[in-house]
Amino acid sequence: MADKFYITTPLYYVNASPHIGHSYTCIAADTLARHMRHVIGEKNVWFLTGTDEHGQKIQKAADAQGLSPLVFADNTVGQFKKLWEVLNISYNDFIRTTEDRHKRVVARVLDILYKKGDIYQDTYQGWYCTPCETFWIESQLSEGKCPDCKRPVEKISETNYFFKLSKYQDWLVEHIKNNPDFIKPASRYEEVSRFLELNKLSDLCISRPRERLGWGIPLPFSPEHVTYVWFDALINYISAVGDFNDEGKYISRWWPADIQLMGKDILRQHAVYWPIMLRALDIAPPKLIFAHGWWMMGESKMSKSLGNVVSPIEMAHKYGTDPYRYFLLRDVPFGLDGNFSEESIIKRYNSDLANDLGNLVFRTLTMIEKYFSGNVPVMQDQHLSAQGKLIKEKLLNIEQMVISSLNVCGFSQALEEVWSLINMANKYVEDTKPWNLAKENKTEELKTFIALLAKVIRQVGKTSACFMPKTAEAIFGQIGEATINKSGPLFPRIDTK
RNA sequence: CGCGGGGUGGAGCAGCCUGGUAGCUCGCAAGGCUCAUAACCUUGAGGUCAACGGUUCAAAUCCGUUCCCCGCAACCA
């Protein structure tokens, strides 16, 4: 087992409010971070998230509201931070690309790569759409016009700086081949490998002329240019947790990242550009790049123009933070696309949380109250039935099952494991018929039976704590080692009729 | 011949890599039970695994062909 665990989400672009996709990535990362804190200790885990704030989109959006880009970004950052608070996201650090610590490292990176000769200048022809303030290359035009607004474009020549991606293509192909677990899920690994085998990478344009775009980090060797947003943003993963020494060597307690999570849409940047940038800097690549799927809204994907963007904060308020977290991680295997609907949330809520888990806790508490006046009895193995022994066994290895599932980001799998224990327990009640034991005064059997149930519930709380932190607390609050403190049902059923 | 994903009981999916009684969740029906949030437990109905052809003793699973659905400028999880 690793002695440290560094996990990142992408830096979310602040041009719009957070949606469920953002919340999905952070909830997944948070769950892994909480899990690992439990496994290897709080001090050995670092969970980074943050915001990406430069670039033309931001500048335009800010202009539209008559705000400075930074003030505009501040507003959106506030929304993200508020959301993470509501969703119980336990990040250790929140980095903004507008912070000095980041800008300094970006400048350093540019400087190192420039001196090394991996960044070069080039002048090329292209087309400019003045109303859109956008530069297009020939192949992007639509019938010779601006693909956005369909207006005529103007031919211009521009000088920019390029990063030598192509120089490192062979290395990357090799690295990927030698590290079959570098990119997950496997289908994405195939996708990237094939892409790299079939295509010759072109060098990456990493600058924008300042006269056209002021909102960015200036190139240290050419103040007339600012850095392209992706080049800027990716560097956050190292700028947040380390720095370069005088010799240009990167020093960090946390790097390389153990897992970098992202949506499938930005896999290319993370699986191709990013490792190559690191390679050029003589920094180790991340250990694992995991691209998860998208949440679709019924038949179509979520988009602003379709007006089907769902607010995660609204969902969390309506159904509760933990049910929302649970739903996202349970309903769809991580890596695949899912269908988002309130109906499916309600379904999961009622059947898994209210009926299975909530009811198990509630009925157990009632029995402890009724049969033992609120004192949790002590278990005596000799009074354990065969079924009880099986459950006890499951109790012992459930933690290991959850760990091995989470080791490969198998969130839904891990939860299925926990729920199989819950289902066993519910059946155990049914089969044991404690009400008969009570009538027949088989007190010892009854004690052991109840004691085992209490253990099951506490174990469920323990193993699901990383998914549903508040629920785990509530469970421990209600069923202590020796006494109980019964309050209402954990998850009151949602009546849909 | 652009690329990728997919077509499995009413719904959503797993199984396919490493062929061998078609499985899970939800829904539905009947029954059981009473500790419980009309919750829990059991049983049942329901599928020619998109179609056709091939390989094989044996195919949802491998091979080929066809049909259908979804996504594929940029930005975005």
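Letters go in sequence order (proteins before strands), and every chain restarts at 1. Since this is a predicted model, take the numbers as computed values, not measurements.
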Could you please name the option among [options] that lies closest to any side-chain atom of [X]?
| X | options | answer |
| --- | --- | --- |
| A:N15 | B:rU37, B:rC75, B:rC35 | B:rC75 |
| A:E430 | B:rA77, B:rA36, B:rU37 | B:rA36 |
| A:Y13 | B:rC40, B:rC76, B:rC26 | B:rC76 |
| A:D356 | B:rC41, B:rC75, B:rC40 | B:rC40 |
| A:R348 | B:rU25, B:rC76, B:rA77 | B:rU25 |
| A:R363 | B:rC75, B:rA77, B:rC40 | B:rC40 |
| A:K427 | B:rA77, B:rC35, B:rC41 | B:rC41 |
| A:L336 | B:rC76, B:rU34, B:rA14 | B:rA14 |
| A:K57 | B:rC76, B:rA74, B:rU34 | B:rA74 |

Which whole-number value in Å describes the distance from [X] [atom1] to [N] [atom2]?
| X | N | atom1 | atom2 | value |
| --- | --- | --- | --- | --- |
| A:L353 | B:rA39 | CG | C1' | 14 Å |
| A:D431 | B:rG32 | CG | C1' | 12 Å |
| A:I457 | B:rC40 | CD1 | C1' | 14 Å |
| A:M315 | B:rA77 | CE | P | 19 Å |
| A:L360 | B:rC41 | CG | C1' | 13 Å |
| A:R268 | B:rA73 | CZ | P | 12 Å |
| A:I346 | B:rA11 | CD1 | P | 21 Å |
| A:R208 | B:rA74 | CZ | P | 13 Å |

Would you indicate what [X] reaches in the nucleic acid, counting non-hydrogen atoms under 4.0 angstrom: base, sugar-phosphate, or nothing?
| X | answer |
| --- | --- |
| A:Y12 | sugar-phosphate |
| A:M367 | base |
| A:G293 | base |
| A:L490 | base |
| A:P434 | nothing |

Using only side-chain N and O atoms of A:W230, determine if any of them is under 4.0 Å from OP1 or OP2 of B:rC76. yes
Short side-chain N/O contact from A:N339 to OP1 or OP2 of B:rG12, under 4.0 Å: no
Spacing of the [atom1] atoms in [M] and [N] (rounded, Å):
| N | M | atom1 | result |
| --- | --- | --- | --- |
| B:rC24 | B:rC67 | C1' | 29 Å |
| B:rC69 | B:rU55 | C1' | 29 Å |
| B:rG31 | B:rA22 | C1' | 26 Å |
| B:rG4 | B:rC63 | P | 15 Å |
| B:rG47 | B:rG10 | C1' | 11 Å |
| B:rA60 | B:rU43 | C1' | 27 Å |
| B:rA14 | B:rG6 | P | 9 Å |
| B:rC13 | B:rG7 | P | 9 Å |

A:N436 or A:D337, whichever maps to the more 5' nucleotide of RNA chain B: A:D337
The answer to which of A:Q269 and A:D352 contacts RNA chain B further toward the 5' end, by nearest nucleotide, is A:D352
Compute whether any side-chain donor of one residue and acceptor of the other, for A:H54 and A:D232, lie under 3.5 angstrom apart. yes
Strand partner of [N], provided both Watson-Crick or wobble distances fall under 3.5 Å:
| N | value |
| --- | --- |
| B:rA38 | none |
| B:rG53 | B:rC63 |
| B:rU25 | B:rA11 |
| B:rU48 | none |
| B:rC72 | B:rG2 |

Under 3.5 Å, is there any donor-acceptor pair linking the side chain of A:N359 to the base of B:rA36? yes
Distance under 6.0 Å and angle within 45° of ring axis: A:K486 vs A:F362: yes
Does NZ or CZ of A:K81 fall inside the cone over A:F94's six-membered ring, less than 6.0 Å from its centre and within 45° of the axis? yes
Hey, are the side chains of A:F80 and A:C26 touching, using non-hydrogen atoms and a 4.5 Å cut-off? no
For A:A472 versus A:G461, what's the shortest heavy-atom pair and its separation? CB-O, 3.4 Å
Closest non-hydrogen atom pair between A:Y24 and A:L329, with its separation: CE1-CD2, 4.2 Å
Determine if A:W435 stacks with B:rC35; use a centre-to-centre distance below 5.5 Å and an interplanar angle below 30° as the criteria. yes
In Å and rounded to the nearest 0.5 Å, what is the CG to CD distance from A:D203 to A:Q169? 10.5 Å
Flag the pair A:R363 and A:E430 as a salt bridge only when some basic side-chain nitrogen lies within less than 4.0 angstrom of an acidic carboxylate oxygen. yes
Would a line drawn from the ring center of A:Y349 to the ring center of A:F327 be shorter than 6.0 Å? no
